[in-house]
Amino acid sequence: IAIPAAIVVLAAVILTVILLSGGDESYRTIQVYRVDGNAEVARPTGDTMSPYENMLLEADDVVKTFEESHLYLIMDEDKYLMAGPEAKFKLSATGSAANSQTKIDLEYGEIVVHVTDPLSADSSFEIGTGNSTMAVRGTSFRVYTEKNDDGFFQTVLQVFEGVVAVQLIHPDGTVSEERSFSAGASVIITLLIKRKKTKK
């Protein structure tokens with residue numbers, strides 16, 4: 001619980017110092033607030049760079065943190081994300097600040113999300129992993145995912161505030177019916193990845 005509390009405090013601090021240019025609600029921002037340790041941003045163009053304070057990220061950037069490192073982002077002035085050590089995810093952001101569509105594809109590692117304002121009817125905020133999709137309903141939560149040597153892909157969800165709606169993604173690509181989890185819930189989603197048989 002100390003982690004989401006820190007995010008809430010950080011969000012309050014950011015709100016006092018971050019100003020969107022002209023207050024234009026049609027303009028979306030994804031901004032690096034703080035970098036503790038080492039991280040990397042890979043652009044769709046193939047360029048790779050080290051993130052820095054106040055750096056503006058772009059849609060489809062791939063972000064990676066390294067050992068003992070954390071990266072803090074602010075999106076649209078009311079969505080906050082902390083990436084833990086050795087995490088990798090891709091950002092996708094479309095729409096406007098008022099009516100936004102945000103997707104984070106978490107390949108591995110841990111992220112903590114805090115959304116301070118309820119999303120509008122036309123907005124969405126989703127976290128995708130290899131075996132599930134999580135839709136935010138205005139909340140604070142943690143997602144951790146990894147693939148181990150036994151062929152299992154595991155996603156761990158902890159909900160601190162609000163509600164997160166989860167859909168399982170099966171190996172054949174089909175998606176399960178949505179199920180919602182409220183504050184205090186901890187969910188472990190495990191998927192066995194079929195291994196290719198080796199020829200004798």
Side-chain angles (χ1 to χ4, degrees), residues 3-37 39-44 49-65 69-85 87-129 133-145 157-165:
I3 292 177
I7 291 290
V8 172
V9 172
L10 181 62
V13 173
I14 293 174
L15 284 173
T16 64
V17 298
I18 298 293
L19 294 176
L20 297 179
S21 56
D24 184 0
E25 290 192 350
S26 67
Y27 180 62
R28 295 205 64 189
T29 59
I30 305 173
Q31 188 169 28
V32 176
Y33 176 71
R34 192 171 84 200
V35 183
D36 294 336
E40 176 183 278
V41 175
R43 290 267 150 91
M49 61 199 76
S50 297
Y52 52 87
E53 187 176 318
N54 295 326
M55 175 183 179
L56 291 175
L57 299 184
E58 300 176 2
D60 298 324
D61 278 350
V62 175
V63 181
K64 183 193 297 185
T65 58
S69 301
H70 293 81
L71 179 73
Y72 300 82
L73 303 179
I74 175 173
M75 294 169 276
D76 304 325
E77 212 175 23
D78 64 353
K79 305 170 187 71
Y80 307 90
L81 182 148
M82 182 198 73
K88 183 179 180 182
F89 58 94
K90 180 180 178 181
L91 291 164
S92 176
T94 57
S96 65
N99 297 300
S100 60
Q101 289 76 48
T102 305
K103 177 75 179 292
I104 298 171
D105 290 307
L106 179 62
E107 186 172 334
Y108 56 77
E110 170 197 29
I111 60 173
V112 177
V113 174
H114 180 64
V115 180
T116 60
D117 298 329
L119 298 177
S120 70
D122 295 323
S123 294
S124 63
F125 190 110
E126 295 183 349
I127 309 293
T129 71
T133 298
M134 295 157 206
V136 178
R137 303 300 188 223
T139 191
S140 295
F141 66 100
R142 169 184 179 264
V143 179
Y144 174 77
T145 188
L157 166 68
Q158 292 177 286
V159 184
F160 303 116
E161 295 178 14
V163 177
V164 176

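- At least one side-chain heavy atom of L91 sits under 4.5 Å from a side-chain heavy atom of I104.
- Y80 is listed as a side-chain neighbour of T116, based on a closest heavy-atom distance under 4.5 Å.
- Panel note: side chain Q101, backbone D122; a donor-acceptor pair is recorded below 3.5 Å.
- Here the side chains of S100 and K79 are in contact, with some heavy-atom distance below 4.5 Å.
- Contact check for D60 versus S92: side-chain heavy atoms found under the 4.5 Å cut-off.
- Scanning all heavy atoms of the two residues, the minimum distance from R28 to S96 falls at CG-C, 3.5 Å.
- Checked against side chain to side chain donor-acceptor pair (under 3.5 Å), K64 has no partners two or more places apart in sequence or in another chain.
- Rounding to the nearest 0.5 angstrom, the gap separating the CG atom in L81 from the CD1 atom in I111 is 5.0 Å.
- The NZ atom of K103 sits 9.0 Å away from the CD1 atom of I127 when rounded to the nearest 0.5 Å.
- The nearest pair of heavy atoms linking Q31 to N54 is NE2-O, 3.4 Å.
- Atom CG of D36 is separated from atom NE2 of H70 by 7.5 Å, given to the nearest 0.5 angstrom.
- Between the CZ atom in F141 and the CE atom in M134 there is a gap of 7.5 Å [rounded to 0.5 Å].
- Residues E110 and R142 have side chains in contact (heavy-atom distance under 4.5 Å, counting atoms from C-beta outward).
- Here the side chains of I30 and E58 are not in contact, with every heavy-atom distance at 4.5 Å or above.
- With a 4.5 Å cut-off on side-chain heavy atoms, T29 and E77 do not count as touching.
- Taking CD of E53 as the start and OH of Y33 as the end, the distance is 7.0 Å to the nearest 0.5 Å.
- Using a 4.5 Å heavy-atom cutoff, the side chains of V32 and L73 are in contact.
- Nearest heavy-atom pair, M82 versus Y72, reported as atom, atom and distance to 0.1 Å: CG-CE2, 3.4 Å.
- Rounding to the nearest 0.5 Å gives a distance of 9.0 Å between CG of L57 and CE of M49.
- Listed here is the closest heavy atom pair of L119 and V136: CD1-O, 3.5 Å.
- In this structure, the side chain of T65 engages the main chain of G84 through a donor-acceptor pair within 3.5 Å.
- Residues P44 and A59 approach most closely at CG-O, 4.1 Å, considering heavy atoms.
- L56 and R43 get closest at one heavy-atom pair: O-NH2, 3.3 Å.
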